[in-house]
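Accompanying notes for the structure given below.
Computed from a predicted model, the values in this text were never measured in an experiment. Counting starts at 1 for both ligands and their atoms, following the listed order.
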Amino acid sequence: MKRVFSGVQPSGNLTIGNYLGALRQFTELQQDHECFFCVVDLHALTLPQEPDTLRAKTLEVAGLILAAGLDPKRIVLFVQSHVPAHAELCWLLNGVTYTGELSRMTQYKDKAKGRKVITAGLLNYPILMAADILLYRSDLVPVGADQKQHLELARDIAIRFNNRFGNTFVVPEPFIPKVGAKIAALDDPSKKMSKSDVAESYIALLDPPDVVAAKLGRAVTDSGREVRYDAKEKPGVSNLLTIYALCRGMSVKKAEADFAGLGYAVFKKTVAEAVNETLRPIQTRYREFTSSGAVRQVLVEGAGRAAEASSLVLRQVKEKMGLLV
Ligand code: ATP
Ligand code: LTN
């Protein structure tokens, strides 16, 4: 069985972008892959976080990953900082990664822009991500399009390490959906929807139905009145059409046909209904998981299984690099 690994940061409210770009793929892959999913709290620390909020969000994100449709009996779900091997391998891989590679990353450039000070963590972020993936000898990494460049770096690091020290890591492949890999922000369709942005820009998985309807009602659309898919001329409408099509499990073409001759107001109201239908079962399961206290238990078991699954690779890396083990 092929191995799958992916991570989600507890850096805010999980969004419909996170769901359509990543979590939805997790639920499909769990059927016939050995899956490891991780709440990457150490990654969140690369930008300032309020400690109590980070702790609460870590548990919330874990609960939402389960509520998206993952079966805790089939998959391993854990918190990154509970398995020290991630930070250890990250340090070891620091020795085979070049600063030029890191400073070229577009996410680094975007997140560093306009900051008075830039932490070393923000620059080194992709090394920790490479460690997450390589530690489990993962074959496939389901992510949104924004993570493609980080994954390419993880592959380069794996190849470089294997060439220098002998075959150790599996070179991972990205698994990026054809539709929905980059859901745009509601208030600015030129930007990616992002959970660490302002609330108006995203639909959170825990947003109540009236909030979803209000946010979609205010979403930036384009000039003209026609509802049609045209990513260049009508990025706002095209984004909403993509969200609608994915929520209803249909092609974008079919979605377009649904709105032929209808105006923006009806369009936005119908998109809100489709989004709310998608969110309802997730919110129900989330409440069940949290009220039963099951999430904590899943995370304790997950950390044990992840530690076990990663220990051999970490030991091999240490030996190969010349540490006294
Ligand atoms: P942040 O704003 O804090 O950087 P984020 O919203 O980008 O967070 P991550 O935790 O970094 O979320 O991402 C979790 C997963 O969701 C990743 O696989 C990422 O590629 C995917 N993802 C994030 N935003 C989107 C989006 N707008 N469209 C599609 N996929 C997305
Ligand atoms: N960098 C990713 C989160 C992440 C991840 C990973 C994704 C951390 N480690 C390993 C896939 C595999 C992000 O910001 N979305």
Side-chain angles (χ1 to χ4, degrees), residues 3-26 29 35-49 53-54 57-58 60-62 64-65 68 78-81 83 86-87 89-90 93 105-108 110-112 121-122 124-136 138-155 157-158 172-186 188-199 201-205 239 242-243 246 306 310:
R3 273 232 174 131
V4 165
F5 185 98
S6 197
V8 182
Q9 298 190 73
S11 48
N13 300 317
L14 278 201
T15 72
I16 190 100
N18 297 131
Y19 177 72
L20 298 176
L23 303 193
R24 201 170 46 100
Q25 277 60 246
F26 300 178
L29 289 166
C35 293
F36 289 81
F37 298 120
C38 185
V39 184
V40 291
D41 53 351
L42 299 176
H43 275 105
L45 290 179
T46 59
L47 287 175
Q49 304 290 342
T53 309
L54 180 62
K57 288 289 164 197
T58 300
E60 183 181 293
V61 166
L64 278 168
I65 292 177
F78 66 104
V79 175
Q80 191 182 34
S81 65
V83 182
H86 290 247
L89 183 62
C90 175
L93 295 180
M105 294 289 120
T106 53
Q107 179 177 299
Y108 168 70
D110 287 348
K111 294 207 170 184
L122 198 61
N124 289 339
Y125 179 111
I127 311 182
L128 180 57
M129 176 160 162
D132 296 341
I133 297 165
L134 302 181
L135 203 45
Y136 298 89
S138 316
D139 300 290
L140 277 186
V141 183
V143 281
D146 62 312
Q147 296 303 310
K148 190 163 180 266
Q149 196 185 30
H150 286 160
L151 214 73
E152 275 158 15
L153 180 57
R155 288 170 56 88
I157 293 172
E173 297 285 341
F175 186 84
I176 299 173
K178 287 204 176 64
V179 181
K182 191 181 173 193
I183 299 297
L186 299 180
D188 179 356
S190 70
K191 288 194 318 196
K192 156 187 114 97
M193 184 183 284
S194 171
K195 69 170 114 66
S196 46
D197 212 337
V198 293
S201 69
Y202 61 73
I203 293 169
L205 295 185
N239 187 46
T242 303
I243 294 174
L246 290 170
S310 59

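For ligand 2, the polar-atom distance check finds no N/O of His150 at less than 3.5 Å from any of the ligand's N/O atoms. Residue Gln107 has no nitrogen or oxygen atom sitting less than 3.5 Å from a nitrogen or oxygen atom of ligand 2, judged on distance alone. Of the N or O atoms in Met193, one or more lie within a sub-3.5 Å distance of an N or O in ligand 1. Of the polar atoms of Tyr125, at least one N or O is found under 3.5 Å from an N or O of ligand 2, judged by distance alone. Any N or O atom pair closer than 3.5 Å counts here, and Ser6 shares no such pair with ligand 2.
Considering only heavy atoms from C-beta on, Gln25 stays 4.5 Å or farther from Ser6 through its side chain. Counting only heavy atoms from C-beta outward, the side chains of His43 and Asp132 approach each other to under 4.5 Å. Between Val8 and Phe26 the shortest side-chain heavy-atom distance falls below 4.5 Å. Within the 4.5 Å cutoff, no side-chain heavy atoms of Cys90 are placed close to those of Asn124. Contact of the Ser310 side chain with the Tyr136 side chain is registered, since non-hydrogen atoms from C-beta on lie closer than 4.5 Å. In this structure, the side chains of Leu151 and Met129 come closer than 4.5 Å at one or more pairs of heavy atoms. Between Leu128 and Gln80, the closest side-chain pair of non-hydrogen atoms falls below 4.5 Å. Under the 4.5 Å side-chain criterion, counting only non-hydrogen atoms from C-beta, Met193 is in contact with Leu186.
Note on ligand 1: Val8 sits in its first shell, one or more heavy atoms being nearer than 4.0 Å. Residue contact check for ligand 1: Lys111 places a non-hydrogen atom closer than 4.0 Å to it. Distances shorter than 4.0 angstrom do not occur between any heavy atom of Gly12 and any atom of ligand 1. At a 4.0 Å cut-off, not a single heavy atom of Ala184 sits close enough to ligand 1 to count as contact.
Less than 4.0 angstrom separates some heavy atom of Gln9 from each of these atoms of ligand 2: 14 (O). Within ligand 2, counting atoms from 1 as listed, the ones closer than 4.0 Å to a heavy atom of Val141 are 11 (C), 12 (C). Listed by number with element, the atoms of ligand 1 under 4.0 Å from a non-hydrogen atom of Gly180 are 29 (C). Every atom of ligand 2 with a heavy atom of Val143 under 4.0 Å away is listed here by number and element: 7 (C), 11 (C). Heavy-atom contacts of Gln147 reach the following atoms of ligand 1: 20 (O) (cutoff under 4.0 Å). Taking a cut-off of under 4.0 Å to the non-hydrogen atoms of Val40, the atoms of ligand 2 that pass are 8 (C), 9 (N). Numbered from 1 in the order shown, with element, the atoms of ligand 2 that lie under 4.0 Å from a heavy atom of Ile133 read 10 (C), 12 (C). For ligand 1, the atoms closer than 4.0 angstrom to any heavy atom of Ser11 are 1 (P), 3 (O), 8 (O). Short contacts between ligand 1 and Gly21, defined as distances under 4.0 Å to a heavy atom of the residue, involve ligand atoms 29 (C), 30 (N).
For atom 31 (C) of ligand 1, the closest non-hydrogen atom of the protein is Gly17 O, 3.5 Å. Nearest protein heavy-atom neighbour of atom 9 (N) of ligand 2: Asp132 OD2, 2.6 Å. The nearest protein atom to atom 3 (C) of ligand 2, hydrogens excluded, is given as Gly7 O, 3.5 Å; this is a heavy-atom distance. Considering only non-hydrogen protein atoms, atom 2 (O) of ligand 1 sits nearest to Ser194 OG, 2.3 Å. The closest protein non-hydrogen atom to atom 19 (C) of ligand 1 is Asp146 OD1, 3.5 Å. The protein non-hydrogen atom at the shortest distance from atom 23 (C) of ligand 1 is Asn18 ND2, 3.1 Å. When only non-hydrogen protein atoms are considered, atom 8 (O) of ligand 1 lies nearest to Lys195 NZ, 3.0 Å. Taking atom 28 (N) of ligand 1 as the reference point, the nearest protein heavy-atom neighbour is Ile183 N, 2.9 Å. Counting protein heavy atoms only, atom 1 (P) of ligand 1 is closest to Ser196 OG, 3.3 Å. If you check which protein heavy atom lies closest to atom 15 (C) of ligand 1, you get Ala22 CB, 3.7 Å.
Panel note: side chain Ser138, backbone Ile133; a donor-acceptor pair is recorded below 3.5 Å. No donor-acceptor pair closer than 3.5 Å links the side chain of Lys192 to the backbone N or O of Ala145. Thr58 places no side-chain N or O within donor-acceptor distance of the main-chain N or O of Pro10, the cut-off being under 3.5 Å. When atom types are taken as modelled, the side chain of His86 and the backbone of Ala131 share no donor-acceptor pair closer than 3.5 angstrom.
Nearest-residue assignment for atom 17 (C) of ligand 1 (options Gly144, Ser201, Ala181; heavy-atom criterion): Gly144.
Neither the backbone nor the side chain of Asp146 comes within contact range of ligand 2; no heavy atom lies under 4.0 Å. With a 4.0 Å cut-off on non-hydrogen atoms, Leu128 does not touch ligand 2 at all.
Between Lys57 and Glu60 there is a salt bridge, with a side-chain nitrogen of the basic residue lying less than 4.0 Å from a carboxylate oxygen of the acidic one.
Interatomic distance, CD1 of Ile203 versus OG1 of Thr15, reported as 9.0 Å (0.5 Å rounding). With values rounded to the nearest 0.5 angstrom, Arg3 atom CZ is found 14.5 Å from Leu29 atom CG.
Residue Lys191 comes nearest to Asp197 through the heavy atom pair NZ-OD2, 3.3 Å, listed as atom of the first residue, atom of the second, then distance.
With hydrogens and angles left out, the side-chain atoms of Thr242 and Asn239 include no donor and acceptor closer than 3.5 Å.
Evaluated for a side chain to side chain contact (heavy atoms under 4.5 Å, CB included) with Tyr125, the options Lys111, His150, Met105 yield exactly one hit, His150.
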